[in-house]
Every structure is written in structure tokens, then in C-alpha cells.
Protein chains: 2
Amino acid sequence: MTDQSPPKPQPDQPRLGEIGLTNYAPYLMNRIMGRYNASLRDEMAGLGLTTPKMRALAVLSVIDGPLIRELSVYSVVEQSTLSRALDQLAGDGLIRREADAVDSRATRVFITEAGRAHFETLWPRMAEAHERMFRGIPPEERRAFVGTLQKMLANIRKHEI
Amino acid sequence: MTDQSPPKPQPDQPRLGEIGLTNYAPYLMNRIMGRYNASLRDEMAGLGLTTPKMRALAVLSVIDGPLIRELSVYSVVEQSTLSRALDQLAGDGLIRREADAVDSRATRVFITEAGRAHFETLWPRMAEAHERMFRGIPPEERRAFVGTLQKMLANIRKHEI
DNA sequence: CGGGGATATTTGCAAACGCATTTAAATCTG
DNA sequence: CAGATTTAAATGCGTTTGCAAATATCCCCG
């Protein structure tokens, strides 16, 4: 027998029962990244970029020539999805696939000049979303936060990249 | 003219170029939540639960009788996706939809006893994934981290729920 | 050094997703 | 208070996704 009392619309204060959720890190992180990613996705949509394409481009602007499998991990995009995103990026001349020198099963991915230029035009939007997220949070607190994230990343990657 | 030097397989140390990424909070958060959600999704798959269904159930275990629109925000699931997830959960008798008393456009969602019981069996898995994520991070640091997340959540929700 | 298993990537296909639209009801406005 | 606008939820439909299988290559071991 659960509490079946009639639903009462409540003030837009945080609800009592939500207090649990808003102290739960995974919940907060999903909420935050959900909105961050959605807002970025909306901005990129007009530029013909999907989230997987944008992420691949972002990672490639920093890491030169990863294997597709590695890029999949770094960009947090499933391999088959990434494979198709790369098809499109290559079609647009933003990246280039190149057979690995020593393992001919493997493919390395490189960003082209056009791809890098394209990403430069995207970057300000991403930086803006980032800054919005951290507004009012002092540098010292930001550093500590990133430090904790790094520990968490180390925890979750079992013995992978 | 970018550096087109031949690709060299590198040791599985963090790559030089990655240092930028691993100091960038949104990147780290996407990496961490990507794996957290994937591992949870894999565990739930065997139990007939998708991510939207699991999230809805989790939120409903804490918040009683939200509007579907509110549940959509809390559970970070797109409204149309949530609508269909609720169809399934209702079909399985885990939740119940009920017309709002004062606004007959709106629907409130309640978890059933069966739904609550089902969620109780799920919860240990979620807690385990959570604990794995925070392994080795002391309580004080965890608290500070959650505090920062709460500020971030306040930043990104414009003037919504 | 040949065969069995592992690994890298792509592709087929069914399911899931999300945008846009629809339906229904509430609210605002003159 | 009628008509126009906004809001809540469901649904139609084309696109995207991701699992699993296919393909190709590598590596290990007897």
C-alpha cells in the first residue's frame, strides 16, 4: 500500500523528495551533461554536424592520427556509429582515413586543414557553453573539480585506453 | 600545412596531445558518464529495462506523481521517448498514469508497489557503479564535488524546473 | 609454419530516437 | 466571452543508433 494521496501541484521550489537526487553525483552529472550536449547539438545542427561528428572532430583537433577504435573511446561514440560519422566527415573533406603503417587491419584518422578550420569556427560555441556551466565558480574550485574528475576517469577505465 | 609526419603507434601512456582533453571538464564528464551509463545499460538489458525506463523508474522512486513534462526533465529523457517508455512501464505494471486533478491536459505518473519493488532490486547495481566511480575519493572531496555540481546545475537550468 | 583464435573495421538490419505534428485543454486578450 | 495563443502529451515518420555478423588481418602455439 503506497501513499495514494491525491496529487497536489507543488511550488517550483525543489521538491522534498528530490533532495536525494540533487545530492547524487551521477544524477547531477547526467542532468548537466544532458543539457550541455543538447544545447551544443542544437547549435551544431545548423552547421550540418551531429554530436558524433562534432566529438570526433574535437578529439582529432587534439590527438593526431588515432586508431578508429581509440577515437571511439576518446570521443565517447560507439564504433559502428563512429564509422559512419567518419564516412560523412571524410565526404566533407574534414578528415582523412589512412591505413596504419604496421597493422593493415587498422585505420588511423587525421583531421584535414579544412577540418581544423571548421573546428576553429565551432570552438567558440563550445567554450561559451563551458563558461556558462562554470559561471560563478572560482578557479580554485574548478581545479579541484577537474582533479576529482580525473580520479574518477581513472577509476572507470578498467585497463583500457 | 599541418604536421603530416607518418603515424607512429605510441605507448599507452596518456598522449601528449590528450593533456588538453583530460583537463577539460565537459570532456571528462562525457567520458565518465558514457561509461557509467553504458555499464548500467548492459546490466539492465537482461532485465528488460532500457535507459529511459530505468531513469524514469529511478526518479519516480524519489518523486511522487510528477507531470510527464517534469519527469522528462528530471530523468533526462526526451518527452516523446519518455511517453513511449511509460507505455511499456505501465504495460508491465511498474507505473501508473493518472490525469491531473486540476489540469486535464496534464498527466501525473506514479510508481506502483511492483515498480518500487523492481527498482529495489536494481538499486544495488546502480549503487555499485556509483561506488566504483568514487573509489579512493575521500568523503570531504566527494562533498565538495557534489557541491560544485549543484552550482553547475543551477547555472544551466535557465529558469526552468 | 599452418591453423585457431583474437583484433580492427565495416555493414545489415531491426529497434530506438527525436523532430514535427496532432489533439486536447487551458489561458490570455480585446 | 469568443478567438487566438500557449501548453501537455501522444503519435507519425524519417533518421540514427547499436548489436551482431561479416570481412580482413594479425598473433600465438603446437
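All values below were derived from every heavy atom in this structure, side-chain atoms included, with hydrogens, water molecules and symmetry-related copies excluded. Residue numbering restarts at 1 for every chain, and letters A, B, ... go by the order of the sequence lines.
In this structure, His130(A) and Tyr24(B) have tilted ring planes: the angle between them lies in the 30° to 60° band.
Side-chain atoms of Arg105(A) and base atoms of dT9(C) include no donor and acceptor less than 3.5 Å apart. Counting distance only, with no hydrogens placed and no angle test, the side-chain atoms of Ser80(B) and the base atoms of dC17(C) include no donor-acceptor pair under 3.5 Å.
Thr112(B) contributes a side-chain N or O that, together with a main-chain N or O of Gly93(B), makes up a donor-acceptor pair within less than 3.5 Å. Distance alone, capped at 3.5 Å, is enough to place a donor-acceptor pair between the Arg55(A) side chain and the Val76(A) backbone.
As judged by a 4.0 angstrom heavy-atom cut-off over every strand, Ser104(B) is placed among residues touching the sugar-phosphate backbone only.
In this entry the distance linking CD1 of Ile68(B) with P of dA25(C) reads 15 Å, nearest Å. Rounded to whole Å, atom P of dA8(D) lies 14 Å from atom CG of Leu71(B). The CZ-C1' distance, from Arg69(A) to dT10(C), rounds to 16 Å in whole Å. As rounded to whole Å, 16 Å separates atom P of dG12(C) from atom CD of Glu78(A). Rounded to whole angstrom, the span from the CG atom of Asp100(B) across to the C1' atom of dA10(D) amounts to 17 Å. As rounded to whole Å, 7 Å separates atom P of dT10(C) from atom CG of Asp87(A). Atom pair Leu82(B):CG and dA10(D):P shows a separation of 8 Å (rounding to whole Å applied). Between Gln79(B) atom CD and dG18(C) atom C1' the separation is 11 Å, expressed in whole Å.
Remark: Thr81(B) is in phosphate contact with dG18(C), judged by side-chain N or O atoms under 4.0 Å from OP1 or OP2. For the pair Arg41(B) and dC19(D), the criterion of a side-chain N or O lying under 4.0 Å from OP1 or OP2 is met. The side chain of Arg84(A) contributes no N or O atom lying less than 4.0 Å from OP1 or OP2 of dT9(C).
In this structure, the side chains of Met133(B) and Asn155(A) stay at 4.5 Å or more apart for every pair of heavy atoms.
Side chain of Arg97(A), nearest nucleotide from dT9(C), dA9(D), dT10(C): dT10(C).
Between Gln79(B) and Ser72(B), the side chains place no donor N or O within less than 3.5 Å of an acceptor N or O (distance only, hydrogens not considered).
Each of Asp42(A) and Thr107(A) was assigned the nucleotide of DNA chain C with the nearest heavy atom; the assignment lying further toward the 5' end belongs to Thr107(A).
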